[in-house]
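Single-structure report; data block below.
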Amino acid sequence: MFSWLGTDDRRKKEPEVFQTVSEGLKKLYKTKLLPLEESYKFHEFHSPALEDADFDNKPMVLLVGQYSTGKTSFIRYLLEQDFPGMRIGPEPTTDSFIAVMHGDTEGVIPGNALVVDPKKPFRKLNAFGNAFLNRFVCAQLPNPVLESISVIDTPGILSGEKQRISRDEESGYSCLHRCPYGGYDFAAVLEWFAERVDRIILLFDAHKLDISDEFSEVIKALKNHEDKIRVVLNKADQIETQQLMRVYGALMWSLGKIVNTPEVIRVYIGSFWSHPLLIPDNRKLFEAEEQDLFKDIQSLPRNAALRKLNDLIKRARLAKVHAYIISSLKKEMPSVFGKENKKKELIGSLGDIYKRIEREHQISPGDFPNLKKMQDQLQSQDLNKFQPLKPKLLEAVDDMLANDIASLMVLVRQEETQRPNAVVKGGAFDGTLDGPFGHGYGEGAGEGIDEAEWVVARDKPAYDEIFYTLSPVNGKVTGANAKKEMVKSKLPNTVLGKIWKLADIDKDGMLDDEEFALANHLIKVKLEGHELPSDLPAHLVPPSKRKIPE
């Protein structure tokens, strides 16, 4: 009797088993989160429903910046080729959203055709109407970089007086708020993309650093996606080192006031185009910064599943809060008289409702939607048609967050280990992999890589003098005696331990004169600010320890 109760209880406690992360995310969304969203009109207030393509698509990089900061040039630099619809110039040349994606043949797909293609993750953009779709295209081309990622180019954000003028269809630009003249909500489109992309790159021009009011508003519209944001200070070769330091400091100060994050946002400095450096003094800095940025972008395919999982969790938390807000408003509404007055009263006191929900359900204040935006949206809604609280829908989402997500996390790690080489390749990403123009080539541990002589031999006479003061026995010094000398470098024991492993080539726990010289050379490399290699490069192996080819 009542055996079905036990079956239901077991089903709730045991998380579902999925073959792939993508499959799991799609099923969890459709069966557990989507019903809650539909019941409480989540899609009208926050974000359209997700589709299969949102879970299956390649990682996307969104480029945002004021006009003439080099967004289009940046894409061309990564791809090392032109793409259809590309226009570059000092004035606002890109007046459209351009999704640069992989295709077997080169061509342009207009926005209205894009939003009916189920294989592309853009179907829900049709909500922004023809004003936007006429300014949205997909540029397809066969390029190895685009086999792993897609890039979204955006219109240059205006500055000065221009930002006060609504962008309309004639100029090709949009206003920040709903335009009555056939325009579209520029910030809302960016927010739509921000929710779905894997990386947001904000580009700034080092030569004319000013954050316009419109750009400031756009950055604020990216709230809740700060973990995806990276900043590029572009065209840094146009200014002297001292001025560059001032510009960098000013940018960090300005961003600190706009981007509200506990950690300092990462800023990459460089000149991302294929032209000679105007002021080459900071070439090494630009190379190092470029490599760091490239590594960040290259990691996107490997971390794509984790990002989608993280975004689904954020969406579920917001959907839960939204359900509490909507059901609270419904509960307070009268059934017959005084509906309009009560509606005005509830919208006006929405902040108090937020606080009450926060206390009752122990919800973090950061999970609540923007108060002013929510009040504006509620003005056009019939609060009497809202749904009361449905505990079963909320329980399904809680079960998803508590159990199913944990099992998916295990699957994410498994997929990551199965695809260790899932990185972006081709274009600029391959430009410095091999040859003498690779990052750090001929420097640090790479010094002497092309020389016939052993590079350590240059300083070996000085190292030999120290070696023979350490009482060598049978041509070798003990680890204890070598340690006394090595700690004089003041390097941490962990670093000296790594140097010892690299230098003690025959692994006998002692160092001969060549190994001792090598250890001192590696200490010098580290003291000069270079990284130690994980394995000893062939050119650093002492001549007597090299294997003679048969």
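Values reported hereafter were calculated over all heavy atoms of this structure, with side chains retained and with hydrogens, waters and symmetry mates removed.
- Heavy-atom contacts from other residues, nucleotides or ligands closer than 6.0 Å to NZ of Lys545 number more than 12.
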Stepwise salt bridge (charged side-chain N to carboxylate O under 4.0 Å, His left out) test for Asp296 and Arg266
CA-CA 11 Å; Asp296 184 73; Arg266 178 66 163 97; over 6 Å; no
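- When atom types are taken as modelled, the side chain of Asn143 and the backbone of Leu79 share a donor-acceptor pair closer than 3.5 angstrom.
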Enumerate, atom names and distances included, each donor-acceptor pair closer than 3.5 Å involving a side-chain atom of residues 238-248, sequence neighbours excluded.
unit_1	atom_1	unit_2	atom_2	d
Thr241	OG1	Asn282	OD1	3.2
Thr241	OG1	Asn282	ND2	3.3

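- The closest side-chain donor-acceptor pair between Asn234 and Thr69, if any, does not fall under 3.5 angstrom.
- Paired with Lys476 under the rule salt bridge (charged side-chain N to carboxylate O under 4.0 Å, His left out), one option of Asp504, Asp508, Asp513 passes, and it is Asp508.
- Put simply, the side chain of Lys308 never gets that close to the backbone of Ser22: no donor and acceptor are under 3.5 Å apart.
- Between Lys228 and Asp198 there is no salt bridge, since no side-chain N of the basic residue sits under 4.0 Å from a carboxylate O of the acidic one.
- Within a 6.0 Å sphere centred on CZ of Arg230, other residues, nucleotides and ligands contribute more than 12 heavy atoms.
- Counting all heavy atoms, side chain and backbone alike, Ala428 lies closest to Phe294 at O-CE2, 3.5 Å.
- The number of heavy-atom neighbours closer than 6.0 Å to NE2 of His46, taken from other residues, nucleotides and ligands shown, is above 12.
- Under a 4.0 Å N-O distance rule, the pair Lys235/Asp205 qualifies as a salt bridge.
- Within a 6.0 Å sphere centred on NZ of Lys490, other residues, nucleotides and ligands contribute 12 heavy atoms or fewer.
- In summary, Asp367 and Lys320 do not engage in a salt bridge, as defined by a charged side-chain N under 4.0 Å from a carboxylate O.
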